[in-house]
Amino acid sequence: MLWTRWLVLLLCWGATSSEQQAEQRDGTPAVAQPDPRRQRSPPPVEPLDFGFVPAAVYDTHAYHEPGPVGILFHMVHAFLYVVQPNSFPKDLIVKIIQQNMGGIKIEEWRKPDNVVLLLQWIYYESGFIICGTIGILFVVLTPIIGMCFCVCRCCENCGGEMHQRQRKNADCQRGFYTASLIASTIFIILGVLIAYAANHNVSTKIKSTRRFINTNMRDLRTFANNTPAQIEYLTAQYTTAKHKVLSDLDNIGPLLGGRIHSQLEKEVVPSLDTALRMAGAMRETKEALESVSSSLEVLQEGTGKLRNSLSGERASLSNTLSDPACTNGAVSHTCNTIRSTLSQLGISADFSKLADVNHALANVNVILKTDLSNIVQKGYSSFNDTPKLVKEQTKNIVAGVKNMLDKIGTEINSFAKMFPVEASLANFTIFLNDGQKKIESYYPQIDQMDFYRWIGCVAVLCTVILVVAFNILGLLCGTCGYDKQATPTTRGCLSNTGGNLLMAGVGFTFIFAWVLMGIVTTLFVVSGNVEKLICEPLANRQLFQIIDTPYLVHPAKKNFLPGMLFQNPNIDLTLGSMYRECYENNGLYHALQLETMFNINSFLNRTVYNKDLANVFESVQIDLRDITLLEQAGRDNLLNFANSGIGQIDYDAYLAEVNKGVTLVDLLSFSTNLEAQADQLPRGALENALKGHASSIRQIHREQVVPMEQAMSAMSQSIKQLQRTSNDLPAKVTNILSAIDAVEYLITHNASHVVKQETKAYTESLVGYFKQYTAWVKNSLTAEVAQCKPISNIVDSMEIVGCSFIVDSVNTFWFGLGGCCILLIPSIIFSIKLAKYYRRMDTEDVFEDSPYLDTLTRFPRASAPPSYMDW
């Protein structure tokens with residue numbers, strides 16, 4: 001009983017009373033409620049690797065294969081099923097135990113309920129009762145019948161008369177009796193062999209029992225030695241969660257500050273990006289204004305030169321057309337046509353009237369002296385320093401949490417060492433060693449008792465062998481000495497000896513058969529019921545159901561096992577559930593439901609889930625007012641840009657002139673047409689002069705018009721860009737400044753909600769590591785720590801030793817011996833019948849001739865054997 005208490009106390013890190021006091025002192029930990037204001041779920045907690053609990057390797061394999069003798073066991077089981085086919089009477093046994101809890105009293109059985117139970121039990125045991133009654137009748141009647149048989153034979157009756165009638169089928173009868181006796185003897189020998197095999201199996205298996213005892217004891221020592229290391233490993237793995245938490249605390253800036261930063265950047269970054277884009281727009285505006293200014297100068301200068309060139313070319317061409325050759329009737333039409341197109345040689349766009357953009361350009365140049373991009377980058381840097389700011393402002397809190405974690409670790413270790421687990425297990429190991437030594441001290445006595453048992457069983461079998469020997473010797477002597485020519489009174493000595501041996505076997509049968517049947521009946525009733533009421537229910541675990549029946553032992557005690565172990569019968573712990581958990585090699589903490597005595601969750605909630613830890617993080621205050629997104633110089637720069645004057649530029653006038661052509665007509669087309677018309681003239685000076693003018697016009701286009709067209713294209717793009725930039729520019733700047741002001745207000749005044757939200761998520765991630773640890777501890781206690789496989793192995797080993805080794809062998813012994821006893825009955829009959837044919841008779845039948853008949857008729861008469869001197 002003591003060792004079971006030690007097993008129970010093995011994993012109890014605290015007593016029930018101390019747990020209740022601690023709960024009254026600390027209170028029940030509050031359950032964390034989800035924050036409905038949370039905008040997103042916290043990130044998944046990184047899984048921790050706690051390694052593997054040092055596993056115990058148990059040597060016992062509680063499995064037995066009987067081998068060839070198992071066939072005999074199956075035969076006996078089949079016979080017992082025929083004798084007792086009823087199912088296990090669980091309800092009947094429970095009722096009998098409950099109604100006779102105070103002891104069995106004879107007068108109580110007169111009650112109707114008890115009479116009904118008795119009848120039900122008699123019905124269940126009817127097969128054993130019938131077979132037992134037959135055995136008792138055999139025991140009682142066999143010596144009586146043997147005595148009567150002896151007296152009857154002494155009176156020369158019952159085959160005692162030494163006279164044998166001559167019959168025609170005498171040889172056939174002698175052969176039948178011989179064959180029957182041989183068959184009976186063979187079956188008796190088989191029964192003896194079966195009984196001897198069972199007897200020898202008991203001795204062999206008793207020696208194997210030592211192996212089960214040694215391995216089970218070794219497993220219990222392994223259990224006791226490994227459990228402290230496993231518990232120490234559980235407590236040591238707190239450092240794994242602690243180190244991870246410390247790592248996250250050391251990185252609180254990137255973790256907590258990064259989460260705050262990522263939450264705020266949704267508002268901050270877009271506003272700064274807009275300001276940064278506006279800084280780029282300023283540079284682009286400067287470039288566009290410079291492009292417009294330079295293009296305007298080029299166009300204004302080029303316009304004057306082009307106007308002079310076209311005027312000179314138009315006057316020169318007009319002089320050429322005044323040549324007398326143009327008066328010729330055939331040529332005059334062509335000259336008139338050319339003369340009518342001279343007005344097309346003129347300028348279309350006039351850039352001299354366009355106002356310059358130098359004032360706006362000068363303003364923008366002044367504005368760009370302040371590097372807005374650098375100011376915005378400072379805003380980025382200031383905002384990106386949020387993790388560093390968080391780390392600086394939580395320095396003291398992190399230090400306090402680290403101290404708190406060290407205190408929790410020390411509390412766990414000191415609490416685990418508070419109870420003398422190792423001392424208790426050391427005492428348990430000493431108890432096991434002493435118990436094993438005490439058991440081993442009984443080995444010589446057990447071997448001696450088993451030897452005496454083996455000798456006794458062999459002696460019992462020798463009585464059967466004695467009868468078998470007489471039968472075999474009688475058959476050998478009778479068969480070998482039998483002479484067909486000899487008359488019953490002249491049979492030889494060998495044949496007579498055979499008959500006497502057969503009768504001796506009959507005599508010994510009457511002497512020993514009733515004793516053997518008494519042994520068989522006793523063993524059958526006892527071991528047969530043990531097999532049906534204990535071994536079979538134990539094999540299919542129905543026996544546990546009886547033991548686990550509520551209120552079986554006492555009307556006020558619900559469960560037997562927790563009442564015995566914990567003095568608390570109301571705990572929902574049964575022997576069957578404990579066996580199943582131990583058979584699956586789960587932990588003793590779960591198998592014995594030790595959480596009812598020491599709740600590991602409550603303990604960890606009081607230590608790991610410390611309220612102070614949550615309160616510390618709830619008090620986190622992070623001031624982000626030092627973050628400056630846009631300095632005042634940047635704001636002024638934006639406002640100056642909005643008032644730089646680019647909005648006052650007459651973009652329509654610029655676009656109107658730019659959209660016009662440089663000249664009224666395409667000079668290339670004009671020169672091409674001029675050459676074509678010159679080709680229509682007769683060859684001569686006029687034709688060559690016109691072609692010279694066409695060439696001059698092309699040169700003007702190439703040298704003056706093309707550069708102007710390129711300048712106009714550049715001006716067009718710059719004007720359009722400036723127009724887009726200046727479009728609602730004050731409103732854009734106002735929006736940028738408003739967005740930055742709103743974000744800064746958010747950071748300065750409303751960031752506390754984000755800080756609390758992210759601090760809570762950060763705290764939950766830290767607590768998540770401890771949750772992983774507690775879940776791992778609980779799972780380890782359930783399945784890996786103090787694995788109680790040795791307990792189920794002990795039960796299975798007891799079943800193997802008690803049922804497979806002993807009960808099955810005893811059942812097989814009485815099965816074989818009982819078969820021998822039954823077969824001795826036909827052996828008696830056949831031996832008596834056959835002895836008549838082998839023994840020498842005192843008288844015999846002789847045949848004489850009848851004087852009254854004509855034919856020869858022979859009549860038998862009794863006659864003594866002839867007197868020969870050599871007989």
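Numbers here simply count residues along the sequence, with the first being 1.
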For A195, does its backbone N or O pair with a side-chain atom of N199 as donor and acceptor, under 3.5 Å? no
Using the rule given for side chain to side chain contact (heavy atoms under 4.5 Å, CB included), can you reason through Y442 versus K438, listing the C-alpha separation, both sets of side-chain angles and the distance that settles it, and then say yes or no? CA-CA 7 Å; Y442 288 109; K438 184 176 291 186; 3.8 Å; yes
On a heavy-atom basis, the closest approach of T222 and A56 is CG2-CB, 4.0 Å
Just checking, is any N or O donor in the side chain of S809 or T812 under 3.5 Å from an acceptor N or O on the other one? no
Sidechain-backbone polar pair: Q787 side chain, A783 backbone, donor-acceptor under 3.5 Å: yes
I122, CD1 atom: more than 12 neighbouring heavy atoms under 6.0 Å: yes
Test item: side-chain donor near acceptor, D796 and H64, under 3.5 Å: no
Do V777 and Y238 have side chains that get closer than 4.5 Å, going by heavy atoms? no
Do M217 and I439 come within less than 4.5 Å of each other through their side chains, counting heavy atoms only? yes
Measure across T429 and A224 and return the closest heavy-atom pair with its distance rounded to 0.1 Å. OG1-CB, 3.7 Å
Donor-acceptor side-chain pairing of Q436 and R221 below 3.5 angstrom: yes
Taking 4.0 angstrom as the limit, do R211 and D59 come out as a salt bridge? no
Any side-chain heavy-atom pair of E440 and N214 under 4.5 Å: yes
Report yes or no: does Y773 contribute a side-chain atom to a donor-acceptor pair with the main-chain N or O of T240 at less than 3.5 Å? no
Are L72 and N201 close enough that some pair of their side-chain heavy atoms sits under 4.5 Å apart? no
Does any part of the side chain of F451, heavy atoms only, come nearer than 4.5 Å to the side chain of I446, both counted from C-beta? no
Does S203 reach the side chain of R453, with side-chain heavy atoms less than 4.5 Å apart? yes
Donor-acceptor pair, distance only, cut-off 3.5 Å: does the side chain of T574 make one with the backbone of S577? yes
In short, L234 meets S780 closest at the heavy-atom pair CD2-CB, 3.7 Å
Between R580 and N586: side-chain donor-acceptor atoms closer than 3.5 Å: no
What do you reckon, is OH of Y233 surrounded by more than 12 foreign heavy atoms closer than 6.0 Å? yes
Any side-chain heavy atom of Y124 sitting closer than 4.5 Å to one from K532? yes
Under the 3.5 angstrom rule, does the side chain of Q230 hit a backbone N or O of P54 as a donor-acceptor pair? yes
Mind checking whether W776 and F50 have parallel, tilted or perpendicular rings, split at 30° and 60°? parallel
Can you name the closest pair of heavy atoms from A62 and N793 and give their distance? CB-OD1, 3.8 Å
Any donor-acceptor pair under 3.5 Å linking the side chain of T60 with the backbone of N216? yes
Separation of L543 CG from E799 CD (nearest 0.5 Å): 10.0 Å
In Å, rounded to the nearest 0.5 Å, how long is the span from CG of L523 to SG of C457? 8.0 Å
Taking atom types as modelled and ignoring hydrogens, do the side chains of Q84 and N86 form a donor-acceptor contact shorter than 3.5 angstrom? yes
Interatomic distance, H200 atom NE2 to L193 atom CG [nearest 0.5 angstrom]: 13.0 Å
Keeping the roles fixed (side chain from S804, backbone from V801), state whether a donor-acceptor pair exists under 3.5 Å. no
Going by the rule ring-ring contact (aromatic ring centres under 6.0 Å, His included), which residues pair with F128 if we only count those two or more places apart in sequence or in a different chain? F524
Can you find a side-chain donor-acceptor pair between Y63 and E65 that sits under 3.5 Å? yes
When rounded to the nearest 0.5 angstrom, what distance separates CG in L533 from CD1 in I546? 8.5 Å
Flag for Y443-R210: side-chain donor and acceptor within less than 3.5 Å: no
Of all heavy-atom pairs between H61 and F212, which one has the smallest distance, and what is that distance? O-CE2, 4.1 Å
Does any part of the side chain of F813, heavy atoms only, come nearer than 4.5 Å to the side chain of Y196, both counted from C-beta? no
Closest non-hydrogen atom pair between W814 and N811, with its separation: NE1-OD1, 2.7 Å
Are K789 and E581 close enough for a salt bridge, meaning some N to O gap below 4.0 Å? no
